[in-house]
Asks: 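Attaching a single structure in C-alpha cells format; questions to follow.
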Amino acid sequence: NKRKMAHILEFEGIKLDKKDGPFLKSDPYLNFKKVNDISVVYATEYIVQNLNPVWKKFEFDPKRFGNEPDPVVHVECWDYDRDTSHDFIGSFRAKCSELTHTGSEFQLISKKGKNSGRIIVKSAEKKEEPAKEQ
C-alpha cells in the first residue's frame, strides 16, 4: 500500500522587473506548466506592487508534470494587470527535484533573453499523506 508524498512549497521572487512603468511595481504571480503544454498546472496568487514577493505555500505533486521519475517544469512569472493583458516578466525550466529543494535558485529570462529577476525556493517540506483505505 503506497503512501503518497506531497511537497509544500513556498517561492520568493528577488528583484523582479518592473512592468507597470517607472513609478509602479509589478504585481507578480507564477504559473507552473508542463513543458510543451499551455495549460497551467499550478498558479500562485498575485502580490500587489512587489518586486521581491513571497507567495503563499501550496501543495505540489511532481506526478502532475509527467510520469518520468523527475519531470521538467516550465515556470513563468507574470505581472497581473486588471485592465489589460498580463505582462510576461520571465521564465525558467527546472526539474521537480530542484523545485522541491529549499534554497534552489533560478534565473528568470525575459522574451528578449535578458535576466529579469530570480526565483528562490524559500521553503520545501515533504508531507506524507496517509494511504487511502481500499
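The chain is numbered in sequence order, starting from 1. This structure is a prediction, so every number in the text was calculated from the model and none was measured.
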Asks: Measuring from D17:CG to K114:NZ, what's the distance to the nearest 0.5 Å?
Replies: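 It is 10.0 Å, given to the nearest 0.5 Å.
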Asks: Is any side-chain N of the basic residue among E59 and K127 closer than 4.0 Å to the acidic one's carboxylate O?
Replies: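 Result for this pair is yes, salt bridge flagged.
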Asks: Nearest 0.5 Å please: distance from the CD atom of Q49 over to the NZ atom of K18.
Replies: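 Between Q49 CD and K18 NZ, I get 9.5 Å after rounding to 0.5 Å.
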Asks: Are any of the side-chain nitrogens in K56 or E10 under 4.0 Å away from the carboxylate oxygens of its partner?
Replies: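 Salt bridge absent between K56 and E10.
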Asks: For E125, check side chain to side chain contact (heavy atoms under 4.5 Å, CB included) against everything at least two apart and list the hits.
Replies: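 With neighbours one apart ignored, the set is I8, K57, S123.
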Asks: Check the orientation of H7 and F60. Use parallel for under 30°, tilted for 30 to 60°, and perpendicular for over 60°.
Replies: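 H7 and F60: perpendicular rings.
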Asks: Can you see which heavy atom on I120 is nearest to which on I14, and at what distance?
Replies: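 Shortest heavy-atom contact: CD1-CG1, 3.6 Å.
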Asks: Mind checking whether F11 and V121 have side chains closer than 4.5 Å, heavy atoms only?
Replies: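 The answer is yes; the side chains approach within 4.5 Å.
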Asks: If you group Ile, Leu, Val, Met, Phe, Trp and Tyr by side-chain heavy-atom gaps below 4.5 Å, do L99 and V41 land in one group?
Replies: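 In one cluster: yes.
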Asks: Between N52 and K15, is any pair of side-chain heavy atoms under 4.5 Å apart?
Replies: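 They are in contact (side-chain heavy atoms under 4.5 Å apart), so the answer is yes.
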Asks: If two hydrophobic side chains count as joined below 4.5 Å and joins carry through other members, does I47 share a cluster with F58?
Replies: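 Same cluster: I47 reaches F58 through Ile, Leu, Val, Met, Phe, Trp or Tyr contacts under 4.5 Å.
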Asks: What do you reckon, is NZ of K25 surrounded by more than 12 foreign heavy atoms closer than 6.0 Å?
Replies: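 Not buried by this count: 12 neighbours or fewer within 6.0 Å.
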Asks: List for me each residue that meets ring-ring contact (aromatic ring centres under 6.0 Å, His included) alongside Y46, sequence neighbours excluded, and say none if there are none.
Replies: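 In terms of ring-ring contact (aromatic ring centres under 6.0 Å, His included), with neighbours along the sequence ignored, Y46 is linked to Y80.
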Asks: Stepwise, does the side chain to side chain contact (heavy atoms under 4.5 Å, CB included) test hold for L108 with I119?
Replies: CA-CA 7 Å; L108 289 169; I119 301 296; 3.9 Å; yes
Asks: Indicate yes or no for a side-chain donor-acceptor contact from D27 to the backbone of D79 under 3.5 Å, with no hydrogens or angles considered.
Replies: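 Answer holds: no.
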Asks: Taking the side chain as every heavy atom from C-beta outward, state whether R118 and F106 have any atom pair closer than 4.5 Å.
Replies: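 No - every pair of side-chain heavy atoms lies 4.5 Å or more apart.
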Asks: Start with the C-alpha distance between N115 and I109, add both sets of side-chain angles, then the distance that settles side chain to side chain contact (heavy atoms under 4.5 Å, CB included), and finish with yes or no.
Replies: CA-CA 5 Å; N115 292 348; I109 303 297; 3.3 Å; yes
Asks: Any cation-pi pair here, R64 with Y42, using under 6.0 Å and within 45°?
Replies: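 Cation-pi check for R64 and Y42: passes.
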Asks: Mind listing the closest non-hydrogen atom pair of K122 and T102 along with its distance?
Replies: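 Nearest pair, atom of K122 first, then T102: O-CG2, 3.5 Å.
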Asks: Between D70 and C96, is there a donor-acceptor pair closer than 3.5 Å when you use the side chain of the first and the backbone of the second?
Replies: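 Yes; at least one donor-acceptor contact below 3.5 Å.
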Asks: Could you tell me whether a side-chain N or O of D61 sits under 3.5 Å from a main-chain N or O of K63, the two making a donor and an acceptor?
Replies: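 Yes, the answer is positive, given that a donor and an acceptor are paired below the 3.5 Å cut-off.
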Asks: Taking all heavy atoms of G13 and all of W55, pick out the closest pair and write down the distance.
Replies: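 Residues G13 and W55, closest heavy atoms: N-CZ3, 3.6 Å.
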Asks: How long is the straight-line distance from OG1 of T44 back to CG of N31, given to the nearest 0.5 Å?
Replies: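 Going from CG on N31 over to OG1 on T44, the span is 7.5 Å.
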Asks: Could you pull out all donor-acceptor pairs under 3.5 Å where a side-chain atom in residues 81-95 meets a protein atom, sequence neighbours excluded?
Replies:
{"unit_1": "H86", "atom_1": "ND1", "unit_2": "Y29", "atom_2": "OH", "d": "3.0"}
{"unit_1": "R93", "atom_1": "NE", "unit_2": "H74", "atom_2": "ND1", "d": "3.2"}

Asks: If you compare all heavy atoms of S26 against all heavy atoms of L51, which two are closest, and at what distance to 0.1 Å?
Replies: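 The answer is N-CD2, 3.5 Å.
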